[in-house]
Amino acid sequence: PIDILLLHNRWATRNILETCATLQVEQFHQRFEIGLGSLHDTTRHILVAMVAWGDMLAGREQRACRVSEDCTPQQLLSLLDEISDDLHASARAHPHDEMVSGSLGGKHYNLPRSGVLTHVTTHGMHHRAQCLNLLRQLGVDPLPSSSVMEWIMLAA
């Protein structure tokens, strides 16, 4: 299940970012009253979270964010595979029933590795759903595929 969650997370995030790459810059930054407020802020947040949780899973200090504050969908796409590969490697490097510790937002945590893995993938799913809502409000049709079942059926 962890491999499915991580591989799906990459695929679905790529689909959202590829769709965002077809938008005008103003649309990517357009403000909405949902979630983080824009496709830019939401997609950037997904990748930043993957880096932060990947660092915790790897037992590293949280690294300076390589995802710029004012990034384009193309820049996010160029980082996605590297960030996803690192997260996947960190997930596979240790037994999932171990505890992992690290700091986020200045607070120290001891958490089950499996819980962190579940969180980072469902966190992405939650924010991708917000992105689908924003894309729908911008008139994008068809919306990008993003569900686990769509991914499984396309792979079959």
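- Atom-to-atom distance recorded for Thr118:OG1 and Ile2:CD1 is 5.0 Å, nearest 0.5 angstrom.
- Nearest approach of Arg128 to Ala12, heavy atoms of both residues: NE-CB, 3.2 Å.
- The side-chain heavy atoms of Leu39 and Leu138, taken from C-beta on, include a pair separated by under 4.5 Å.
- In this model, a donor atom of one side chain and an acceptor atom of the other lie less than 3.5 Å apart for Glu150 and Ser147.
- Residues Ile16 and Ile46 form no side-chain contact, since every pair of their non-hydrogen atoms from C-beta on lies 4.5 Å or further apart.
- The distance from atom CG of Leu7 to atom CH2 of Trp151, rounded to the nearest 0.5 Å, is 5.0 Å.
- Both Leu77 and Leu135 are members of a single hydrophobic cluster when ILVMFWY side chains are connected at heavy-atom separations under 4.5 Å.
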Intermediate values then yes/no, salt bridge (charged side-chain N to carboxylate O under 4.0 Å, His left out), Arg44 and Asp70: CA-CA 9 Å; Arg44 180 182 183 278; Asp70 188 29; over 6 Å; no

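- With hydrogens and angles disregarded, no donor-acceptor distance shorter than 3.5 Å links the side chain of Asp55 to the backbone of Arg60.
- At distances below 3.5 Å, at least one donor-acceptor pair connects side-chain atoms of His8 with backbone N or O atoms of Ser146.
- Side-chain contact between Thr72 and Phe28 is absent, with no heavy-atom pair separated by less than 4.5 Å.
- Classification of Arg136 and Asp141 as a salt-bridged pair fails, no side-chain N sitting under 4.0 Å from a carboxylate O.
- In terms of heavy-atom proximity, Cys71 sits nearest to His40 at O-CD2, 3.2 Å.
- Within the 4.5 Å cutoff, the side chain of Val100 has no heavy atoms near those of the Tyr109 side chain.
- At least one donor-acceptor pair under 3.5 Å links the side chain of Arg113 to the backbone N or O of Leu57.
- No side-chain heavy atom of Thr42 sits under 4.5 Å from any side-chain heavy atom of Phe32.
- Ring-plane geometry between Trp53 and His119 is classed as perpendicular, the angle between the planes exceeding 60 degrees on a 0 to 90 degree scale with a lower cut at 30.
- Here Arg31 pairs with Asp41 in a salt bridge; the nearest charged N to carboxylate O distance falls below 4.0 Å.
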Please test Leu111 against Met56 for side chain to side chain contact (heavy atoms under 4.5 Å, CB included), starting from the C-alpha separation and ending with a verdict. CA-CA 10 Å; Leu111 302 167; Met56 183 182 280; 4.1 Å; yes

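- With respect to Arg10 and Asp81, a salt bridge is recorded, a charged nitrogen being found less than 4.0 Å from a carboxylate O.
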Check residues 17-27 and write down every donor-acceptor pair under 3.5 Å in which the side-chain atom is one partner and the other belongs to a residue at least two apart or another chain.
unit_1: Thr19; atom_1: OG1; unit_2: Asn15; atom_2: O; d: 3.0
unit_1: Thr22; atom_1: OG1; unit_2: Thr19; atom_2: O; d: 2.6
unit_1: Gln27; atom_1: OE1; unit_2: Gln24; atom_2: N; d: 2.9

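- Using a 4.5 Å cut-off on side-chain heavy atoms (C-beta onward), Pro73 and Thr43 make no contact.
- Between the side chains of His123 and His45, at least one donor N or O lies within less than 3.5 Å of an accepting N or O.
- In terms of heavy-atom proximity, Asn9 sits nearest to Val120 at OD1-O, 4.3 Å.
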Could you give me the CA-CA distance, side-chain angles and deciding distance for Thr121 and Leu6, then say whether side chain to side chain contact (heavy atoms under 4.5 Å, CB included) is met? CA-CA 7 Å; Thr121 55; Leu6 290 167; 3.8 Å; yes

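- Considering all non-hydrogen atoms of both residues, Met50 and Ser84 come closest at CE-OG, 3.4 Å.
- Put simply, CG on Leu36 and CG on Leu134 are 9.5 Å apart, with the number rounded to the nearest 0.5 Å.
- Residues Leu47 and Thr13 have side chains in contact (heavy-atom distance under 4.5 Å, counting atoms from C-beta outward).
- The environment of CD in Glu98 is crowded: more than 12 heavy-atom neighbours from other residues, nucleotides or ligands sit within 6.0 Å.
- Heavy atoms only, all atoms of each residue included: Ser101 and Asn110 are closest at CB-OD1, 2.8 Å.
- His88 and Asp3 form a side-chain donor-acceptor contact under 3.5 Å, judged by distance and modelled atom types alone.
- In this structure, the side chains of Gln30 and Ser38 stay at 4.5 Å or more apart for every pair of heavy atoms.
- With rounding to the nearest 0.5 angstrom, the CD atom of Glu82 is 8.5 Å from the OG atom of Ser78.
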